[in-house]
Amino acid sequence: MYMLKNVLRNLSGKPATRLYPLEEREPFPAYRGVITNDVERCIFCNTCARICPTDAITVDAKAGQWVYDPFLCVYCAACVEKCPTKCLVQQPIHRKPSVTKFRVLRTGTPRVKKTATAKAKAESSTKEKPESE
Ligand code: SF4
Ligand code: SF4
């Protein structure tokens, strides 16, 4: 009897789900949506890749590449919170459905490691020259 009541109520009521993407729900405040990287500000420090619990991000500092897999991401926002330059942002929009998997590649200026010689050169050029007598 109890089950029948539930069945009748569910048949006569509104559906509990939406016909996404035809019918989109308005994102609520602080919604954790699609992740974007303003790669011009990215320093390829690898913090986001290290902290990601699902390995959704890979960073190649030498090539200046940031790769993000939206199908691995669980939208926890850990990377966004820890990014030192705040170049990662979660937009208040839903990820579009897709029948094929893809990854997002963002390319910026590679991070160049200073060699010992380059460091020494930079230091000597910044040293003040002694005043001539
Ligand atoms: S944490 Fe931020 S700055 Fe560092 S690699 Fe990731 S996106 Fe770039
Ligand atoms: S939101 Fe979470 S799961 Fe998604 S890329 Fe960032 S750290 Fe990884």
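For the numbers below, each heavy atom of this structure counts, side chains included, while hydrogens, waters and symmetry mates do not. Values in this document were obtained by computation on a predicted structure and should not be read as measured data. In listed order, ligands and their atoms are each counted from 1.
- For ligand 2, the atoms lying closer than 4.0 Å to a non-hydrogen atom of A77 are 1 (S), 2 (Fe).
- Those atoms of ligand 2 that come under 4.0 Å of a heavy atom in Y75, given as number and element, are 1 (S), 4 (Fe).
- Less than 4.0 angstrom separates some heavy atom of I57 from each of these atoms of ligand 2: 5 (S).
- Of all the heavy atoms of V74, the ones lying under 4.0 Å from any atom of ligand 2 are found in both the backbone and the side chain.
- Atom 6 (Fe) of ligand 2 has as its closest protein heavy atom C79 SG, 2.3 Å.
- Short contacts between ligand 1 and F44, defined as distances under 4.0 Å to a heavy atom of the residue, involve ligand atoms 5 (S), 8 (Fe).
- Proximity of V80 to ligand 2 is not established, as no heavy-atom distance is less than 4.0 Å.
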**T36 vs Q91, side chain to side chain donor-acceptor pair (under 3.5 Å): CA-CA, chis, key distance, verdict** = CA-CA 7 Å; T36 54; Q91 308 282 348; 3.0 Å; yes
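- With respect to the salt-bridge test (charged N to carboxylate O, under 4.0 angstrom), the residues E24 and K96 qualify.
- For atom 8 (Fe) of ligand 2, the choice among A78, C52, A49 with the nearest heavy atom turns out to be C52.
- When only non-hydrogen protein atoms are considered, atom 4 (Fe) of ligand 2 lies nearest to C73 SG, 2.3 Å.
- Listed by atom number, the atoms of ligand 2 under 4.0 Å from I35 heavy atoms are 1 (S), 6 (Fe).
- Contacts between L88 and ligand 1 below 4.0 angstrom, taking non-hydrogen atoms only, involve the side chain exclusively.
- Checking C48 against atom 4 (Fe) of ligand 1, every N/O/S atom stays at or beyond the 2.8 Å cut-off.
- Taking the side chain as every heavy atom from C-beta outward, Y75 and R95 approach each other to under 4.5 Å.
- For ligand 1, the atoms closer than 4.0 angstrom to any heavy atom of T85 are 3 (S).
- Not one N, O or S atom of C87 sits under 2.8 Å from atom 8 (Fe) of ligand 1.
- With respect to atom 2 (Fe) of ligand 2, the closest heavy atom belonging to the protein is C76 SG, 2.3 Å.
- Counting heavy atoms from C-beta outward, V39 and C87 have side chains that stay 4.5 Å or more apart.
- With a 4.5 Å cut-off on side-chain heavy atoms, C48 and V59 count as touching.
- Atoms of ligand 1 found under 4.0 Å from any heavy atom of T47, numbered from 1 in the order shown, are 1 (S).
- A heavy-atom distance below 4.5 Å is found between the side chains of I35 and L88.
- For the pair R25 and Y31, the cation does not sit on the ring face, since its NZ or CZ is not both under 6.0 Å from the ring centre and inside 45° of the axis.
- Although no hydrogens or angles enter the test, the distance criterion places no donor-acceptor pair under 3.5 Å between the side chain of T85 and the main chain of C42.
- Considering only heavy atoms from C-beta on, C73 comes within 4.5 Å of Y68 through its side chain.
- Every atom of ligand 1 with a heavy atom of P84 under 4.0 Å away is listed here by number and element: 1 (S).
- Using a 4.0 angstrom heavy-atom cutoff, I51 does not count as in contact with ligand 2.
- With ligand atoms numbered from 1 in the order given, ligand 2 contributes 3 (S) to contacts under 4.0 Å with heavy atoms of T54.
- Closest of all the heavy-atom pairs between Y20 and H94 is OH-CB, 3.3 Å.
- A heavy-atom distance below 4.5 Å is found between the side chains of P84 and I43.
- Heavy-atom minimum distance, P97 versus P21: CG-CG, 3.8 Å.
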